[in-house]
J.: 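Below you will find the structure I want to go over with you.
Labels below follow one simple rule: chain letters A, B, ... track the order of the sequence lines, proteins then strands, and each chain is numbered from 1. Values below: all heavy atoms of this structure, side chains included; hydrogens, waters and symmetry mates excluded.
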There are 2 protein chains.
Amino acid sequence: MSKSKGHSWQSIQQEIILRITNRTWQPGELIPGEAKLANEFGCARATVNRAMRQLAESGLLERRRKAGTRVALNPVRKAVLHIQITRQEVEKRGGVYRHALLDRQIKTAPPYITSRLRLDQNTEMLHLRELHFSDNHPFIYEDRWVNLDVVSDIVKVDFDKISSNEWLVNNAPFSNCDIALSAENASKTEAEMLATTENKSIFINDRITWIGVSPVTCVRLAYAPGYRMLSSF
Amino acid sequence: MSKSKGHSWQSIQQEIILRITNRTWQPGELIPGEAKLANEFGCARATVNRAMRQLAESGLLERRRKAGTRVALNPVRKAVLHIQITRQEVEKRGGVYRHALLDRQIKTAPPYITSRLRLDQNTEMLHLRELHFSDNHPFIYEDRWVNLDVVSDIVKVDFDKISSNEWLVNNAPFSNCDIALSAENASKTEAEMLATTENKSIFINDRITWIGVSPVTCVRLAYAPGYRMLSSF
DNA sequence: TAGTGGTCTAGACCACCCT
DNA sequence: GGGTGGTCTAGACCACTAC
């Protein structure tokens, strides 16, 4: 009964996890309500609520009003990806960061970009191509389109001094982001950029950021072979 | 001043996001404390706390006792991956799911497995190889090792009826999970399994689950070409 | 319609850590 | 030392939904 004066929501959460991994409470089973557990643990209902709410958010519990709380039967567990600026990603791995601007043009965006961004065809956008290095080895080849209607200041920026990635994060707030991770065979260009061979398998991170319903930028990151994106929960 | 009787934590959160995207509160800037905002919004401090705490968890704010709350300068944004059983993943995409057991043996695990799982060398483990189909096309080729010390019941299961993935999720609770996503060129075996050609780029999901400090299972999922893992925030 | 979770309040104490 | 966020409480009302 764990009469352990578990007066913090973390300790209550631990106890709940214990009973699930214990199989005291089995998958699919209805577990006691907030009031009952608050009583048992000798704490306020809000404290139990905080513990259980977080477990429900992470997918381990399923809660419905009136129906009560169950141990999730087919838990959709949620893993967290930490999205940070490339410089920080390199430095966190212990590398020395450097970036190079390859190309910078204001031009009409191709239809496959404008349609994904829900912009009119023939919209003028800023197109950037950059290379990010770690210890002087190519790490990421970046191909980016920027919506000038939202980020008009960007035309004045000197991208030899700061990467577009870093400038945008600091100067172009966004509210939403769509991410698609995939694997592709390197094109000839990508292979040259990343100092590898054509058709080598590379990790692709396609990202679109939005502020409200307006697209801010759309970027394709091609990682040098061997990259592993880590996550845990 | 938004005198809009914003009496829910969600509406307060929206207002905070608005002021950040507005640049009313700029990156790095100190924003008013909980008490002050509670006063302004006409709600309890706990309500403001709930709104800001969640924004801090998602990386948009940085909070420290005494120092106050700032708009994150280099926000480490957190995207969420939804990890679900393969059958659900296929069905959610509108496909008809089927799986096939290719191989099942209890044998000594190779060192590259035991060392990752922090198990003794020469530990006997259950090795499984399975194929998951979507609309009768190969979707995932799965290579799995299971720790029999933790999941001893598994030796009795008939994996023609249920995939190891689904059985484990329902019967072997875990507390932690490490995920590594990468891109690799298909080996000859993988190419045959996934009905593609050797060296084709495929998306790899390497996963280890733990219960406390004990490894439960370690699995390598190789997705058929064209797979995209989606996420957003 | 009754029971459950979701949320809000007003107040309180505490841990942390900047000044 | 004092100001800030982190948390807990006891109570309340509401929304949803299984029954």
J.: Given atom CZ of A:R70 and atom P of D:dA18, what is their separation to the nearest angstrom?
T.: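 Atom-to-atom, A:R70 to D:dA18, this comes out as 10 Å.
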
J.: Could you go over nucleotides 8-10 of chain D and give all protein N or O partners under 3.5 Å, atom names and distances?
T.:
from: D:dC8; atom 1: OP1; to: A:H7; atom 2: O; distance (Å): 3.2
from: D:dC8; atom 1: OP1; to: A:W9; atom 2: N; distance (Å): 2.7
from: D:dT9; atom 1: OP1; to: A:H7; atom 2: ND1; distance (Å): 3.4
from: D:dT9; atom 1: OP2; to: A:A44; atom 2: N; distance (Å): 2.7
from: D:dT9; atom 1: OP2; to: A:T47; atom 2: OG1; distance (Å): 2.5

J.: Taking all atoms of both residues into account, what is the closest heavy-atom pair of B:I202 and B:A222, and its distance?
T.: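 Here B:I202 and B:A222 meet closest at CD1-CB, 4.1 Å.
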
J.: Between B:E57 and B:R63, does any side-chain N to carboxylate O distance fall below 4.0 Å?
T.: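 No, this pair does not count.
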
J.: Should B:R19 and B:E15 count as an ion pair when the cut-off is N to O under 4.0 Å?
T.: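 B:E15 and B:R19: salt-bridged.
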
J.: More than 12 heavy atoms of other residues, nucleotides or ligands under 6.0 Å from CZ of B:R93: is that the case?
T.: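 Above 12, so yes.
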
J.: Donor-acceptor check, side chain of B:E130 to backbone of B:E142, threshold 3.5 angstrom: yes or no?
T.: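 No; zero donor-acceptor contacts below 3.5 Å.
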
J.: So which of residues 24-32 of chain A are in contact with DNA chain D, with a heavy-atom cut-off of under 4.0 Å?
T.: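 By residue number: none to list.
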
J.: For C:dG5, does OP1 or OP2 lie under 4.0 Å from any side-chain N or O of A:N49?
T.: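 For C:dG5, OP1/OP2 do not have a side-chain N/O of A:N49 under 4.0 Å.
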
J.: Using atom CD of B:E34 as one end and atom C1' of D:dT7 as the other, report the distance to the nearest whole Å.
T.: 10 Å

J.: How are the rings of A:Y223 and A:F203 set relative to one another: parallel (under 30°), tilted (30 to 60°) or perpendicular (over 60°)?
T.: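 Aromatic pair A:Y223/A:F203 classed perpendicular.
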
J.: Any non-hydrogen side-chain atom of A:I20 less than 4.5 Å from a side-chain atom of A:L60?
T.: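 Yes, at least one pair of side-chain atoms sits under 4.5 Å.
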
J.: Between C1' on C:dG5 and CG on A:L37, what's the gap in Å once rounded to a whole number?
T.: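 Interatomic distance, CG of A:L37 to C1' of C:dG5: 13 Å.
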
J.: Do B:R87 and B:E91 sit within salt-bridge range, that is, some charged N less than 4.0 Å from a carboxylate O?
T.: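 A salt bridge links B:R87 with B:E91.
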
J.: Using a cutoff of under 3.5 Å, can you pull out all pairs of nitrogen or oxygen atoms linking the protein to nucleotides 15-19 of chain C, with atom names and distances?
T.:
from: C:dA15; atom 1: N3; to: B:R65; atom 2: NE; distance (Å): 3.1

J.: Using atom CD of B:Q54 as one end and atom C1' of D:dG5 as the other, report the distance to the nearest whole Å.
T.: 17 Å

J.: With side-chain hydrogen bond (donor to acceptor under 3.5 Å, both in side chains) as the test, pick out the partner of B:Y97 among B:E89, B:H132, B:Q88, B:E166.
T.: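 Testing B:Y97 for a side-chain hydrogen bond (donor to acceptor under 3.5 Å, both in side chains) against B:E89, B:H132, B:Q88, B:E166 leaves exactly one candidate, B:H132.
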
J.: Over how many whole Å does the gap from A:R53 atom CZ to C:dG5 atom P extend?
T.: 14 Å

J.: So, the side chain of B:N49 versus the backbone of B:R45: is there a donor-acceptor pair under 3.5 Å, distance only?
T.: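 Side chain of B:N49 to backbone of B:R45, a donor-acceptor pair under 3.5 Å: no, none is there.
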
J.: Would you say A:W145 and A:T217 make side-chain contact, with heavy atoms under 4.5 Å?
T.: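 A:W145 vs A:T217: side chains apart.
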
J.: What is the distance, to the nearest angstrom, from the CD1 atom on B:I12 to the P atom on C:dT7?
T.: 13 Å

